[in-house]
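This report refers to the structure that appears directly beneath it.
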Amino acid sequence: MARFGPLPTSLLALSFLGLLLLCSPPETSAIKFSMSASRYPNAKCIWNTAHENQLVIVTANVGKGQNQRMDIEIVDSSSSKNVYLSKKGIKGETRLAITTHAEGEVGVCLKNYVEGDVSSDQASKLTRIVDLDVDIGADAVDYNAIANQESLSGLETEMRKIEGQLKEVIDEMNYLKNREERFTQTNISTNDRVQGFAWFTICALTALGVWQIFHLRAYFKRKYLID
């Protein structure tokens, strides 16, 4: 009779994590709001955290609005201030896809302009409804299209989704590990600098005290106050 040994710990951990991912509802970054129009509007930006080389899909559904023009721009918060896409006059449903270049936050910025011959009173009342959906990483992948292209079954499609989500979890853990290492190096470097400054202060004060002693001794000798 065949006997089976215990499953490896890593396999059990991956199976448990996969079960959690299946049971937990997917996270969404959808938001719906009303946006006022202006001749010189300020940008309204929606920010989401994203890692380097992650796929980001932005779906903007802009409601109808007379004498209005909606512009969209996708940027990030890195030191390079990357501008990935800039599109003017979007209407209805617009779908945009980018791949991030750096760690940080990705911002979807919208501006609603007033166009045409409109009085100031009328312009102040112009608004549009915007339905914005931002998918990042595994959530941005169209697994239905992949399943149709590769002739995957329902179970294989779900396993492909879990694989993508597990990869995101591993990437997130690696990112946190690297950030912790950077913080540790910063703390060690700061501690070394503080210790160096403390020793420099002690040596400087000691040297100053010795110099004051010799200076006062010489001064008192000149005044014949001491032998």
Side-chain angles (χ1 to χ4, degrees), residues 8-10 12-14 16-17 20-21 24 27-29 31 33 35-36 38-56 58 71-86 98-112 132 134-140 165-227:
T9 305
S10 59
L12 288 174
L14 288 176
F16 180 70
L17 184 56
L20 287 179
L21 291 173
S24 61
E27 295 183 0
T28 58
S29 301
I31 183 173
F33 55 92
M35 192 166 181
S36 301
S38 174
R39 294 288 183 184
Y40 307 99
N42 294 322
K44 181 179 181 65
C45 296
I46 309 299
W47 295 92
N48 291 275
T49 303
H51 297 302
E52 187 177 3
N53 295 324
Q54 268 196 322
L55 175 64
V56 178
V58 178
D71 295 353
I72 187 170
E73 190 174 60
I74 303 178
V75 299
D76 67 19
S77 61
S78 66
S79 57
S80 302
K81 303 298 180 183
N82 297 306
V83 179
Y84 297 96
L85 282 175
S86 182
I98 66 164
T99 300
T100 58
H101 299 331
E103 297 281 347
E105 292 187 325
V106 174
V108 181
C109 299
L110 299 168
K111 289 184 180 181
N112 194 16
L132 189 65
V134 181
D135 295 317
I136 300 174
D139 294 334
Q165 292 172 344
L166 286 174
K167 183 179 182 301
E168 280 198 343
V169 172
I170 294 173
D171 291 342
E172 180 71 19
M173 293 176 65
N174 290 332
Y175 168 72
L176 293 176
K177 179 182 178 181
N178 293 334
R179 189 171 68 172
E180 182 182 2
E181 290 177 354
R182 291 199 303 269
F183 286 162
T184 301
Q185 292 175 358
T186 301
N187 290 335
I188 293 175
S189 175
T190 303
N191 184 57
D192 292 340
R193 291 183 180 182
V194 171
Q195 287 185 353
F197 180 75
W199 282 111
F200 171 77
T201 303
I202 292 173
C203 293
L205 292 176
T206 302
L208 181 62
V210 172
W211 176 80
Q212 286 182 338
I213 290 173
F214 282 101
H215 176 73
L216 292 174
R217 185 177 180 182
Y219 174 78
F220 289 148
K221 280 186 175 182
R222 287 198 303 269
K223 298 297 183 179
Y224 301 104
L225 298 175
I226 60 174
D227 295 333

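Remember, it's a predicted structure, so these values are computed and weren't measured experimentally. Along the sequence shown, residues are numbered consecutively beginning with 1.
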- Task: Determine whether Val58 and Tyr84 make a side-chain contact, defined as any pair of heavy atoms from C-beta on separated by less than 4.5 Å.
- Result: no
- Query: Atom OG1 of Thr100 and atom CD1 of Ile74: how far apart are they, to the nearest 0.5 Å?
  - Reply: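 The CD1 atom of Ile74 is 11.5 Å from OG1 of Thr100, to the nearest 0.5 Å.
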- Item | Distance (rounded to the nearest 0.5 Å) between Leu176 CG and Asp171 CG | 11.0 Å
Tell me whether [X] contacts the main-chain N or O of [Y] through its side chain, where contact means a donor paired with an acceptor under 3.5 Å.
X      : Y      : answer
Asn191 : Asn187 : no
Asp76  : Asn82  : yes
Thr190 : Thr186 : yes
Thr99  : Gln54  : no
Ser77  : Glu105 : yes

- Task: Would you name the heavy atoms of Met35 and Asn112 that are closest together and state the gap between them?
- Result: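 Shortest heavy-atom separation between Met35 and Asn112 comes out as O-ND2, 3.3 Å.
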Please check if the number of heavy atoms outside [X] that lie under 6.0 Å from its [atom1] is greater than 12.
X      : atom1 : value
Arg193 : CZ    : no
Tyr219 : OH    : no
Glu180 : CD    : no

- Go through the structure and list residues passing ring-ring contact (aromatic ring centres under 6.0 Å, His included) with Tyr175, not counting sequence neighbours. His51
- Query: For Leu205, what residues pass the side-chain contact (heavy atoms from CB on, under 4.5 Å) criterion, not counting sequence neighbours?
  - Reply: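 Expected list: Thr201.
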- Intermediate values then yes/no, side-chain contact (heavy atoms from CB on, under 4.5 Å), Ile98 and Val106: CA-CA 10 Å; Ile98 66 164; Val106 174; 4.2 Å; yes
- Let me see the working for Leu85 and Ile72 under side-chain contact (heavy atoms from CB on, under 4.5 Å), right down to the final yes or no. CA-CA 8 Å; Leu85 282 175; Ile72 187 170; over 6 Å; no
